[in-house]
Amino acid sequence: MAELFEGPHAATVERVTVAGIDGVAVDAILAAPEVGESTGAVVVHPDIMGIRPLFDDLCRRLATHGFVVACPEPFARATPEDRAGDDPTTRMGLVASLDDRVQIGDLAAAADLAGARHGGDTVSVLGFCMGGMQTLKAAASGRFERAVAFYGMIRLPDAWRGAHVWEPLATAADVCPTLALFGDADPWTPAADIDALRDVWRGRSDCAVVVYPDADHGFVHAPERPAHRPDDASDAWRRTLDWISS
């Protein structure tokens, strides 16, 4: 995570809950600058493995740049056994049963929490992998001011199709100003899908697609992965901080 360099503020991080629209108490990370006024609020959607120490550190690092950051658990309604496991296959098998109205509602509740702590309603959203896909959907919800999607799926994988899981591309024309970051060696975001997103955003000067040559899935946020690319990750974080600070 070192490529997300620390900013000038000391920051605290804690575990809290936010209330889902279905009444479920959703576990979340909340990070904030320790002293002085915050400069903005951000909601982070984690990857498919959910909130864990990696994201405590990521949220804290974002908070050192002056942001109040909230990061809800995407599988808050899964069984404790499914949430406790470290095999991503288990969680991948749950995606088709998600309800995006509820999922986006959790992000909105996290936005309300971060915005209230910051003292304003303007909130950005960013996410990784599956969370990048959900960020593309949340960016079209009307709740967020700006968005950054890290290698989010542009079209639903077949195994993830469910009655209440929305297609990211279906609402892509309605997003707030959004930055989408991809690697051209990522099998989850093939070139044809990236081109389709570019076509939808053609004429949108407030949206941008950046593709990193030879980068595979997950090249930014988890430095322990073989796919991690420090130089590209550093560039992606620089672009992200500039985007959500605009």
Legend entry - D99 side, atom CG; D22 side, atom CG - distance, nearest 0.5 Å: 8.5 Å

Inset, instruction - Would you check if F67 and S124 make a side-chain contact, meaning some heavy-atom pair closer than 4.5 Å? - result: no

Inset, instruction - For W160 and S97, indicate whether the former's side chain and the latter's backbone hold a donor-acceptor pair under 3.5 Å. - result: no

Legend entry - Sub-4.5 Å side-chain heavy-atom contact between T12 and R60: no

Legend entry - Which atom of V102 lies closest to which atom of I21, heavy atoms considered: CA-CD1, 3.9 Å

Inset, instruction - Treat each ILVMFWY residue as a node, draw an edge where side-chain heavy atoms are under 4.5 Å apart, and state whether L136 and L107 are in one component. - result: no

Legend entry - Minimum heavy-atom distance I29-F55, with the two atoms named: CD1-C, 3.7 Å

Legend entry - Reported CD-to-CD1 distance for the pair Q134 and I48, which is rounded to 0.5 angstrom: 10.0 Å

Legend entry - Joint hydrophobic cluster, V69 plus V16, side-chain heavy atoms closer than 4.5 Å: no

Legend entry - Backbone N/O of W166 and side chain of D100: donor-acceptor pair under 3.5 Å: yes

Legend entry - Distance (rounded to the nearest 0.5 Å) between S141 OG and I104 CD1: 6.5 Å

Inset, instruction - Say whether, by atom type as modelled, one donor and one acceptor occur between the side chain of T122 and the main chain of G120 under 3.5 angstrom. - result: no

Legend entry - Under 3.5 Å: donor-acceptor pair, side chain of E3, backbone of V220: no

Inset, instruction - Could you walk me through whether Y212 and F219 pass the side-chain contact (heavy atoms from CB on, under 4.5 Å) test, one step at a time? - result: CA-CA 10 Å; Y212 292 87; F219 67 94; 3.4 Å; yes

Inset, instruction - Apply salt bridge (Lys or Arg N to Asp or Glu O under 4.0 Å) to R61 and D57, showing your working. - result: CA-CA 6 Å; R61 287 174 181 264; D57 186 42; 3.1 Å; yes

Inset, instruction - Mind listing the closest non-hydrogen atom pair of A28 and P72 along with its distance? - result: CB-CA, 3.8 Å

Legend entry - Donor-acceptor contact below 3.5 Å, side chain R155 vs main chain L169: no

Inset, instruction - Side-chain contact test, heavy atoms from C-beta onward, threshold under 4.5 Å: evaluate it for Q103 versus P74 and give yes or no. - result: yes

Legend entry - Within-4.5 Å side-chain heavy-atom neighbours: V211 and V209: yes

Inset, instruction - Would you check if there is a donor-acceptor pair between the side chains of D186 and H217 at a distance under 3.5 Å? - result: yes

Legend entry - Side chains of F150 and D47 in contact at under 4.5 Å (non-hydrogen atoms): no

Legend entry - Donor-acceptor pair between E6 and H65 side chains, under 3.5 angstrom: no

Inset, instruction - Identify the heavy atoms of A32 and V68 that sit nearest to each other, and give their distance. - result: CB-CG2, 4.3 Å

Legend entry - Side chain to side chain, T17 and V26, heavy atoms closer than 4.5 Å: no

Inset, instruction - Take atom CG of D87 as the centre, draw a 6.0 Å sphere, and report whether it contains more than 12 heavy atoms from other residues, nucleotides or ligands. - result: yes

Inset, instruction - Could you walk me through whether R146 and D206 pass salt bridge (Lys or Arg N to Asp or Glu O under 4.0 Å), step by step? - result: CA-CA 10 Å; R146 301 184 77 80; D206 59 346; over 6 Å; no

Inset, instruction - Answer with yes or no whether the hydrophobic clustering places I154 together with M130; edges join I, L, V, M, F, W, Y residues whose side-chain heavy atoms lie under 4.5 Å apart. - result: no

Inset, instruction - Classify the side-chain pair D242/S245 by whether it contains a donor and acceptor separated by less than 3.5 Å. - result: no

Inset, instruction - Any chance you could lay out the side-chain contact (heavy atoms from CB on, under 4.5 Å) test for L241 and F5, step after step, and finish with the verdict? - result: CA-CA 10 Å; L241 291 172; F5 62 92; 3.9 Å; yes

Legend entry - Test of ring centre spacing under 6.0 Å for H221 and F128: yes

Inset, instruction - Answer yes or no: is there a donor N or O on one side and an acceptor on the other, between the side chain of T171 and the main chain of D174, under 3.5 Å? - result: no

Inset, instruction - Check step by step if salt bridge (Lys or Arg N to Asp or Glu O under 4.0 Å) holds for R161 and E167. - result: CA-CA 9 Å; R161 297 183 183 279; E167 279 285 352; 2.4 Å; yes

Inset, instruction - State whether a side-chain donor-acceptor pair under 3.5 Å links D216 with Y151. - result: no

Legend entry - Side-chain donor-acceptor pair present, T135, H45, cut-off under 3.5 Å: no

Legend entry - Side chain R229, main chain A227, donor-acceptor under 3.5 Å: no

Inset, instruction - Indicate if M133 and V210 have the same hydrophobic cluster label, given that clusters are the connected sets of ILVMFWY residues with side-chain heavy-atom separations under 4.5 angstrom. - result: no

Legend entry - Salt-bridge contact D106-R101 (side-chain N to carboxylate O under 4.0 Å): no

Legend entry - Worked check of side-chain contact (heavy atoms from CB on, under 4.5 Å) between L58 and L62: CA-CA 6 Å; L58 187 154; L62 282 172; 3.7 Å; yes

Inset, instruction - Examine V44 and L30 and state if one hydrophobic cluster contains both, with Ile, Leu, Val, Met, Phe, Trp and Tyr joined whenever side-chain heavy atoms are less than 4.5 Å apart. - result: no

Inset, instruction - Check I194 against T189 and note the closest heavy-atom contact, atom names and distance. - result: CD1-O, 3.5 Å

Inset, instruction - In sequence, state the C-alpha distance, the side-chain angles, and the governing distance for E14 and R117, and then conclude on salt bridge (Lys or Arg N to Asp or Glu O under 4.0 Å). - result: CA-CA 13 Å; E14 60 184 310; R117 176 69 69 93; 3.7 Å; yes

Inset, instruction - State whether the side chain of R77 and the backbone N or O of V24 hold a donor-acceptor pair below 3.5 Å, judged by distance alone. - result: no

Legend entry - CG-SG distance between L179 and C207, expressed to the nearest 0.5 angstrom: 9.5 Å

Legend entry - Closest contact, heavy atoms only, A110 versus A70: O-CB, 3.6 Å

Inset, instruction - Kindly determine whether D27 and I51 satisfy side-chain contact (heavy atoms from CB on, under 4.5 Å), including the steps that lead there. - result: CA-CA 8 Å; D27 292 333; I51 60 173; 4.0 Å; yes

Legend entry - Close side-chain approach of R143 to V43, heavy-atom, < 4.5 Å: no

Inset, instruction - Please tell me if the side chains of E145 and D121 come closer than 4.5 Å, counting only heavy atoms from C-beta onward. - result: no

Inset, instruction - Rounded to the nearest 0.5 Å, what's the gap from CG on D86 to CE on M49? Could you check? - result: 6.0 Å

Legend entry - Heavy-atom donor-acceptor pair, R91 side chain to R83 backbone, under 3.5 Å: yes

Legend entry - Atom pair CG (L181) and CG (D232), whose distance is rounded to the nearest 0.5 Å: 10.5 Å

Inset, instruction - Please check if the distance between the ring centroids of F182 and W188 is under 6.0 Å. - result: no

Inset, instruction - Examine distances only and state if a side-chain atom of R239 and a backbone atom of S234 form a donor-acceptor pair shorter than 3.5 Å. - result: no

